Amino acid sequence: METTIQNNIASILGRIENACKRANRDPEDVKLLLATKTVSAENIKIAFNHHQSLIGENKIQEIKAKYESLKPFPHQKHFIGHLQTNKVKELIRYDVDCIQSLDRLRLAEKLQNRLEYEDRTMDAYLQFNTSFEESKFGMHPDQAVKFALEVQQFDRIRIKGLMTIGLFSAEHEKVRKCFKLLKGIQLQLLDKGIPVNELSMGMSGDLEIAIEEGATMVRVGTAVFGKREHPDSYYWNEGK
Ligand SMILES: *Cc1c(COP(=O)(O)O)cnc(C)c1O
């Protein structure tokens, strides 16, 4: 397993580098986040031992289960799944550095209240539904400015960027459209003075397109750790 993960990481870094070359971008400007849902703490540690230090989890339950084993390793942990408002407390308890799936006002309100109570701050990316699929979470792009300005009122939440999940399709131009849309939202929000410098988009299957469209972070799971048991929609739903 160790060499497989090591080789996979090397291969992903190669893909990122090649995509950057084609897009005339500096590979230093694209971070690799390892999407570690269903991945054991043991396998995550292998990745840590190979210079990786940024992971994304989809469920509080899993964060909790791996918390003690991963704690000794310096790393950053982002939350990338759909979060129920009653789980906000747990984000803070288990040292989540950033929530990338901030997709509704009610969640932001709850987070602000809890952060105030704990006298903490947290980084956040606003998640948008750029594929317009019902199964995907995220704020509607039409609401971007309104939503971002509302979240900006919450002084404990530090808006750092935007996140989206592209359409799952073999038609590259349709996938690209999603990423272009997120880039457009970014420009719109930057224009309003909202510092959304990070663009988290692109996964195992479409990271090249995302990098061409300006991703500063790609989220990769299967291409590093292998196939998961269930389809992705299963993991996006915190309730299940
Ligand atoms: C699982 C997941 C990823 C990674 O997907 P892969 O196709 O395994 O690379 C990225 N983002 C989110 C939100 C995910 O849930």
Side-chain angles (χ1 to χ4, degrees), residues 1 4-5 7-16 19 30-40 43-44 46-47 52 54-63 65-66 76-84 87 91 96-104 107 123-139 160-170 172 174-176 178-179 181-182 198-211 213 215-240:
M1 201 58 200
T4 309
I5 291 173
N7 290 341
N8 289 347
I9 290 172
S11 137
I12 286 293
L13 294 176
R15 280 175 63 188
I16 293 173
V30 182
K31 292 183 272 290
L32 173 59
L33 173 144
L34 299 175
T36 48
K37 54 177 176 264
T38 76
V39 179
S40 68
N43 285 344
I44 298 172
I46 294 175
Q52 297 307 306
L54 175 60
I55 61 171
E57 287 283 359
N58 290 58
K59 285 177 186 274
I60 295 291
Q61 237 173 295
E62 275 201 58
I63 293 182
K66 301 171 202 176
Q76 280 233 327
K77 187 162 53 206
H78 287 197
F79 193 84
I80 61 174
H82 182 68
L83 189 70
Q84 288 176 345
K87 299 260 172 81
L91 279 188
V96 168
D97 298 283
C98 173
I99 173 167
Q100 291 201 10
S101 45
L102 193 55
D103 65 349
R104 57 203 196 277
L107 182 59
D123 289 351
Y125 297 0
L126 308 179
Q127 182 182 0
F128 288 94
N129 183 347
T130 56
S131 64
F132 304 106
E133 291 169 293
E134 298 238 348
S135 61
K136 303 251 173 91
F137 296 98
M139 178 59 67
K160 299 283 186 186
L162 307 178
M163 188 268 262
T164 199
I165 299 166
L167 185 76
F168 291 127
S169 165
H172 285 186
K174 286 189 180 165
V175 181
R176 188 180 299 279
C178 299
F179 299 145
L181 184 49
L182 198 69
E198 301 288 344
L199 274 191
S200 172
M201 57 189 196
M203 303 172 30
S204 293
D206 56 15
L207 66 91
E208 282 85 358
I209 306 173
I211 289 171
E213 297 305 328
T216 64
M217 183 183 292
V218 293
R219 309 178 307 268
V220 178
T222 12
V224 169
F225 299 108
K227 258 182 120 98
R228 290 176 295 269
E229 191 182 346
H230 300 288
D232 279 352
S233 54
Y234 174 86
Y235 304 104
W236 288 329
N237 246 319
E238 174 72 37
K240 280 184 194 163

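Order of appearance sets the numbers: ligands from 1, and atoms from 1 within every ligand. The shown structure was predicted, so the numbers you read here are calculated from the model rather than taken from an experiment.
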| field | Atoms in ligand 1 with a heavy atom of Thr222 nearer than 4.0 Å | value | 6 (P), 7 (O), 8 (O), 9 (O)

| said: Tell me whether Thr164 contacts the main-chain N or O of Phe128 through its side chain, where contact means a donor paired with an acceptor under 3.5 Å. | reply: yes

| Geometric class of the His78/Tyr125 ring pair [parallel <30°, tilted 30-60°, perpendicular >60°] | perpendicular

| Numbering as shown, the atoms of ligand 1 that approach Gly221 to under 4.0 Å (heavy-atom distance) | 4 (C), 6 (P), 8 (O), 9 (O)

| For ligand 1, which atoms, with element, lie under 4.0 Å from some heavy atom of Val220? | 9 (O)

| query | Going by the order shown, which atoms of ligand 1 are within less than 4.0 Å of some heavy atom of Lys37? | reply | 1 (C), 2 (C), 3 (C), 14 (C), 15 (O)

| message | Testing the 3.5 Å rule here: is there a donor-acceptor pair between the side chains of Glu198 and Thr216? | response | yes

| Are the side chain of Asp97 and the backbone of Lys77 linked by a donor-acceptor contact shorter than 3.5 Å? | yes

| Where the side chain of Arg176 meets the backbone of Glu213, is there a donor-acceptor pair that is under 3.5 Å apart? | no

| task | Return a yes/no value for Ile165: is any of its N or O atoms, backbone included, closer than 3.5 angstrom to an N or O of ligand 1? | result | no

| message | Using the rule side-chain contact (heavy atoms from CB on, under 4.5 Å), only one of Val96, Val39, Ile44 pairs with Glu57; which is it? | response | Ile44

| Contact with ligand 1 for Arg228, non-hydrogen, under 4.0 angstrom | yes

| field | Enumerated ligand 1 atoms positioned under 4.0 Å from heavy atoms of Ala35 | value | 3 (C), 4 (C)

